[in-house]
Amino acid sequence: MTEIRLHNTKTRTKEVFVPLDPQNVRMYLCGPTVYDRAHLGNARPVVVFDVLFRLLRLVYGAAHVTYVRNFTDVDDKINATARARKEAGALGTLEELIRARTEETIAWYHADMDALGALRPTLEPRATDFIGAMIAMIAGLIESGHAYAKDGHVLFRVRSYTNYGALSGRSVDDMIAGARVEVAPFKEDPMDFVLWKPSDADLPGWDSPWGRGRPGWHIECSAMSYELLGASFDIHAGGIDLQFPHHENEIAQSCCAHPEGQFARYWLHNEMLQVEGKKMSKSLGNFFTVRDLLDKGIPGEVIRFVFLQTHYTKPMDWTAEKAAQAEATLRKWRALTAGIEPAPSAAPEVIAALADDLNTAGAIAELHALASDPARLLSSAQLMGLLEPAMGAWAAAPQVDLTAHTARLSDLRAAAMVSKDFAPVDAMKAALVAAGVEVRMSKAGVELLPGAGFDAAKLPPL
RNA sequence: GGCGGGUUGGCGGAGAGGUUACGCAGCGGAUUGCAAAUCCGUGAAGACCGGUUCGAUUCCGGUACCCGCCUCCA
């Protein structure tokens with residue numbers, strides 16, 4: 001069996017991956033808060049850990065991997081959008097408008113991630129379907145002294161969990177020294193974080209022992225991972241930005257609520273995405289969504305390829321130049337593998353690279369080496385979610401009949417061979433190239449191939 | 001202030017203590033009327049300063065610079 005090694009953020013070392021149960025390998029990825037379109041940075045963990053999902057399925061069998069990625073559909077930004085719509089005259093209750101907004105956003109998310117070639121996870125739970133489980137977990141935490149209720153809020157007592165800060169390498173005292181924590185009158189300690197908060201009439205809320213309210217951020221992942229994967233499971237993944245406080249708080253909640261378990265055993269974090277060397281942010285004006293790129297005509301497969309060219313533990317820079325190069329490479333490979341059946345298995349070198357802490361860049365280098373073996377190239381690329389037939393429409397040659405142009409150019413060329421005046425041939429060739437046609441002339445004859453930028457309107461008249 | 005990541009040839013980007021990464025671009029050649037495409041070949045690196053070592057781009061320490069998290073926009 002292929003030995004998979006993964007960099008575990010928890011231990012800061014690369015470890016051999018040994019699942020608790022090879023019959024059911026369990027992975028949890030923190031999914032999106034569904035308030036708007038996913039931006040490009042949101043897509044990196046999806047693509048990176050999709051490769052891990054595929055690798056685990058290969059090694060343990062597709063039926064023996066459970067991949068959970070949640071939708072957080074409780075959030076103040078969702079509430080704000082719903083309220084704005086209501087004020088603008090939208091029909092329905094606030095709850096219905098919230099539901100409509102999250103349904104809409106989830107559909108966008110699915111469409112966008114599908115376009116990137118990401119497999120759907122085994123389970124995609126919604127936070128609002130697990131409110132009861134969250135309330136139960138919070139109640140248990142209060143009972144065991146790890147949480148307390150105050151003024152309609154429930155807070156996690158950070159000092160009650162001695163390992164708090166272990167994942168991110170911080171101590172509670174250091175963090176307080178940083179003085180960037182919200183101080184609130186209902187907190188025993190400034191580091192304590194909210195498990196439950198009250199909702200007023202125009203906010204969504206659920207009845208609870210602490211009054212009508214809604215869950216704080218963090219608890220949904222603890223509750224859902226417990227319900228769906230158990231008190232101990234194998235892999236927990238997400239962006240490095242989530243390491244603190246989100247994952248730290250998840251660990252505190254889950255380990256205190258279920259001391260019999262060990263929660264997640266391997267923590268994987270991807271580094272951040274940048275755009276042309278800078279952080280993507282609205283203020284810099286370089287903020288864009290996956291859909292923006294797709295709408296610009298950049299195929300999802302190209303985005304995926306660019307992502308996989310950089311190891312997931314390193315910051316990744318999105319540049320137009322990379323997208324162009326990725327497109328050229330994929331176009332070449334698609335031409336090379338057109339009409340070829342994939343080999344029964346991926347190349348061992350590619351599997352080995354992926355098994356070595358998801359060295360996708362190394363795996364791509366191995367793909368280049370497989371250019372002489374298209375069937376193997378195809379099966380290997382497909383293991384990484386590339387060169388899938390369903391994703392290749394963008395690379396298909398435009399369907400046009402150029403036989404008349406071919407014959408015309410061929411005739412001109414034959415005449416020029418005799419007259420030695422190649423000007424008419426060159427003129428027609430230039431016109432064809434301008435129309436986006438690749439012109440190949442050899443002893444065998446003339447061949448015209450419409451390319452990416454083909455424009456029938458620019459074809460030279462016959 | 002605390003924690004973490006990065007710095008490799010023109011560009012992108014890996015692995016490995018000692019032998020070619022790889023891709024793109026460039027250059028030379030084959031081929032072509034000229035090109036394109038394809039094929040063959042090829043130059044080019046490891047931020048800086050120390051240390052360990054027979055030998056370090058690879059290990060250790062330090063410096064500089066860049067970036068992220070600690071705060072609602074990942």
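Lettering of chains follows the sequences in order, A, B, ..., and the numbering in each one begins at 1. All figures in this text were calculated on a predicted structure; none of them were measured in a lab. Excluded from the calculations below are hydrogen atoms, water molecules and symmetry mates; all remaining heavy atoms, backbone and side chain alike, are included.
Nucleic acid contact for A:Tyr35: sugar-phosphate only, since backbone atoms but no base atoms lie under 4.0 Å from a heavy atom of the residue. Among the protein residues, A:Val433 comes within range of no part of the nucleic acid, since none of its heavy atoms lies under 4.0 Å from any strand. Counting non-hydrogen atoms under 4.0 angstrom, A:Gly169 reaches the backbone sugars and phosphates but no base. If you check every strand for non-hydrogen atoms under 4.0 Å, A:Leu449 touches nothing. Across all strands shown, A:Thr310 has heavy atoms under 4.0 Å from sugar-phosphate atoms exclusively, and none from any base. Nucleic acid contact for A:Glu438: sugar-phosphate only, since backbone atoms but no base atoms lie under 4.0 Å from a heavy atom of the residue. Nucleic acid contact class of A:His39 (heavy atoms, under 4.0 Å, all strands): base.
Between A:Glu15 and A:Arg265, none of the side-chain N atoms (NZ, or NE/NH1/NH2) sits under 4.0 Å from a carboxylate O, so this pair counts as no salt bridge. A salt bridge links A:Glu103 with A:Arg126; the closest basic N to acidic carboxylate O contact falls under 4.0 Å.
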Sugar-phosphate or base contact per nucleotide [nucleotides 58-69 of chain B; S, B, -; heavy atom under 4.0 Å]
---------SSB
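Centroid-to-centroid, the aromatic rings of A:Tyr161 and A:His146 stay 6.0 Å apart or farther.
We find that CZ of A:Arg12 is positioned 11 Å from P of B:C3, with the value rounded to whole Å. Computed from coordinates, the A:Glu321 CD to B:G13 C1' distance equals 13 Å when rounded to whole Å. In this structure, A:Leu308 atom CG and B:C22 atom P are separated by 21 Å, rounded to whole Å. For the pair A:Asp317 CG and B:U8 P, the computed distance is 12 Å after rounding to whole Å. Rounded to a whole Å, the CZ atom of A:Phe305 is 13 Å from the P atom of B:A14. Rounded to whole angstrom, the span from the CG atom of A:Leu448 across to the C1' atom of B:A35 amounts to 14 Å. At whole-Å resolution of the value, CG in A:Leu358 and P in B:A14 are 13 Å apart.
The side chain of A:Thr329 contributes no N or O atom lying less than 4.0 Å from OP1 or OP2 of B:G23. In this model, the phosphate group of B:C24 is approached by a side-chain N or O of A:Lys332 to a distance below 4.0 Å at OP1 or OP2. The phosphate of B:C72 has neither OP1 nor OP2 within less than 4.0 Å of any side-chain N or O from A:Lys77. Contact annotation: A:Lys314 reaches the phosphate of B:U7 (side-chain N/O to OP1 or OP2, under 4.0 Å).
At a cut-off of 3.5 angstrom, counting only N and O atoms as typed in the model, there is no donor on one side facing an acceptor on the other between the side-chain of A:Asn359 and the base of B:G15.
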Does the pair A:Asp401 and A:Thr403 meet the rule for a side-chain hydrogen bond (donor to acceptor under 3.5 Å, both in side chains), with working shown?
CA-CA 6 Å; A:Asp401 182 7; A:Thr403 51; 2.8 Å; yes
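Among the candidates A:Asp356, A:Asn359, A:Asp357, the single residue satisfying the side-chain hydrogen bond (donor to acceptor under 3.5 Å, both in side chains) test with A:Arg5 is A:Asp356. Only one option out of A:Asp73, A:Asn70, A:Thr72 pairs with A:Pro125 in a side chain to side chain contact (heavy atoms under 4.5 Å, CB included); it is A:Asn70.
For the residue pair A:Tyr67 / A:Asp50, no side-chain donor-acceptor distance below 3.5 Å is found, with atom types taken as modelled. Counted by atom type alone, A:Ser168 and A:Arg170 present one or more donor-acceptor pairs between their side chains at under 3.5 Å.
For CZ of A:Arg83, the number of neighbouring non-hydrogen atoms (other residues, nucleotides, ligands) closer than 6.0 Å is greater than 12.
Applying the side chain to side chain donor-acceptor pair (under 3.5 Å) test to A:Asp114 and every residue at least two apart in sequence or in another chain returns A:Arg120.
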Taking only Watson-Crick and G-U wobble pairs with both distances under 3.5 Å, what dot-bracket line describes RNA chain B, where [ ] shows pairs that cross earlier ones and | shows pairs with another strand?
(((((((..(((.....[...))).(((((.......)))))....(((((..]....))))))))))))....
